[in-house]
Q: 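There's a structure below that I have some questions on.
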Amino acid sequence: ESDEAMLATLMGQLGLGLTFADLAERGTVECGAEPAIAFADLQFPTRSGKIEIASGRFEKRGVSRAPAPLADASPAHGRYRLLTPADEWLMNSSYGNEARIAARLGPASVTMHPEDARAAGLAAGDTVQLAGGNAQLAMTLAIADTVPRGTLLAPKGRWPKLDPAGANINALHHGEKSDLGESTAVHSTEVSVARLE
């Protein structure tokens, strides 16, 4: 199937009454007046019919009975907790090679709280170097009070081969795994930040 045919099928299933050309012109379409809420009926596909936070089935699979309630210590002086959520224009790394998306992304940036920036002698628009583990990455600094003190925010999902640095934010992560499910524990990463002259 072509992309157009697959999208036409999906739009038909959603009852949007749109053609592929309509979607291409509008770009983004809300699929309903109300948000879709998973398990709104409180019926869960588990043996107990409940959300299973602690489970003997976990133990049988060789992992802990429940997620460990761990919290990382605050970063040492001069270091910051690095948070790397998905970018609003990307779905992980999907669409990272699409020219219109790349134009909206702009240069790789990291956001810092204004008081942290002031204390570090940094200003919005500075080129800064983040360093963590054995890697460094140059980024443009943005400043916003929506980022907590002691924290840096740099969205994930950029393609290394399309970035002038030849790397993305993943280079700074140390690869630690979470306690349950062995997912990545990327938000435990600490970095330093300094202006690049």
Q: Kindly give the heavy-atom pair with the smallest separation between F44 and G49, and that separation in Å.
A: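 Closest approach of F44 to G49: CD1-O, 3.4 Å.
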
Q: Do N168 side-chain atoms and R158 backbone N/O form a donor-acceptor pair below 3.5 Å?
A: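 Yes, because the side chain of N168 sits within donor-acceptor range (under 3.5 Å) of the backbone of R158.
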
Q: Has R104 got more than 12 heavy atoms of other residues, nucleotides or ligands less than 6.0 Å from its CZ?
A: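 No, CZ of R104 has 12 or fewer neighbouring heavy atoms, counting only those of other groups under 6.0 Å.
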
Q: If you define the side chain from C-beta out and look only at heavy atoms, does anything of L7 sit under 4.5 Å from E4?
A: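 Result no, sub-4.5 Å side-chain heavy-atom pair not found.
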
Q: Taking all non-hydrogen atoms of both residues, which atom of A120 and which atom of Y80 are closest, and how far apart?
A: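 So the minimum-distance heavy-atom pair works out to CB-OH, 4.2 Å.
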
Q: Side chains of L90 and L105: closer than 4.5 Å at any heavy-atom pair?
A: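 L90 reaches L105 side chain to side chain.
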
Q: Do you know which two heavy atoms are closest between P85 and L153, and how far apart they sit?
A: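 In this case the closest contact between P85 and L153 is CD-CD1, 3.4 Å.
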
Q: Same hydrophobic cluster for L42 and F39, using side-chain heavy-atom links shorter than 4.5 Å among ILVMFWY?
A: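 In one cluster: yes.
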
Q: Could you tell me the separation between the CD atom of Q136 and the OG atom of S192, rounded to the nearest 0.5 Å?
A: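 Output value for this atom pair is 8.5 Å.
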
Q: Looking at every non-hydrogen atom in both residues, tell me the closest pair between I143 and P114 and how far apart they are.
A: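 It is CG2-CA, 3.5 Å.
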
Q: To the nearest 0.5 Å, what is the distance between CG (L83) and NZ (K156)?
A: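 So the CG of L83 and the NZ of K156 are separated by 12.0 Å.
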
Q: Looking only at non-hydrogen atoms, find the nearest pair between G150 and D116 and report the distance.
A: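 Closest approach of G150 to D116: N-OD2, 2.6 Å.
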
Q: V147 and L122: same hydrophobic cluster, using ILVMFWY side-chain contacts below 4.5 Å?
A: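 No, because V147 and L122 fall into different hydrophobic clusters, even though each may have its own neighbours under 4.5 Å.
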
Q: When clusters are formed by joining ILVMFWY residues with side-chain heavy atoms under 4.5 Å apart, either directly or through shared neighbours, do L14 and L23 land in the same one?
A: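 Per the 4.5 Å side-chain linkage, L14 and L23 are co-clustered.
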
Q: When rounded to the nearest 0.5 angstrom, what distance separates CD in E190 from OG1 in T151?
A: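 E190 CD to T151 OG1: 10.5 Å, rounded to 0.5 Å.
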
Q: Please lay out, stage by stage, how D22 and M11 fare under the test side chain to side chain contact (heavy atoms under 4.5 Å, CB included).
A: CA-CA 11 Å; D22 295 332; M11 288 186 294; over 6 Å; no

Q: Identify whether L152 and V128 are in the same connected component of the hydrophobic contact network (ILVMFWY, side-chain heavy atoms under 4.5 Å).
A: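 Yes, it is one cluster - the side chains of L152 and V128 are joined through contacts under 4.5 Å.
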
Q: With rounding to the nearest 0.5 angstrom, report the CE to CG distance, M112 to L130.
A: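 Answer for the CE-CG pair, M112 versus L130, is 8.0 Å.
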
Q: Atom NE2 of H113 and atom CG of D145: how far apart are they, to the nearest 0.5 Å?
A: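 Those atoms lie 5.5 Å apart.
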
Q: Look up atom CG in L141 and atom CG in L196, then write down how far apart they are to the nearest 0.5 Å.
A: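 Reported value, rounded in 0.5 Å steps: 11.5 Å.
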
Q: Minimum heavy-atom separation for T127 to A138, with atom names?
A: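 So the minimum-distance heavy-atom pair works out to CG2-CB, 4.4 Å.
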
Q: Is any side-chain heavy atom of L82 less than 4.5 Å from a side-chain heavy atom of I169?
A: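 In short, these two side chains touch, coming nearer than 4.5 Å.
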
Q: Please examine the side chains of I51 and I53, heavy atoms only from C-beta on, and report whether any two atoms are closer than 4.5 Å.
A: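 When only atoms from C-beta onward are counted, I51 and I53 do touch, with a gap below 4.5 Å.
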
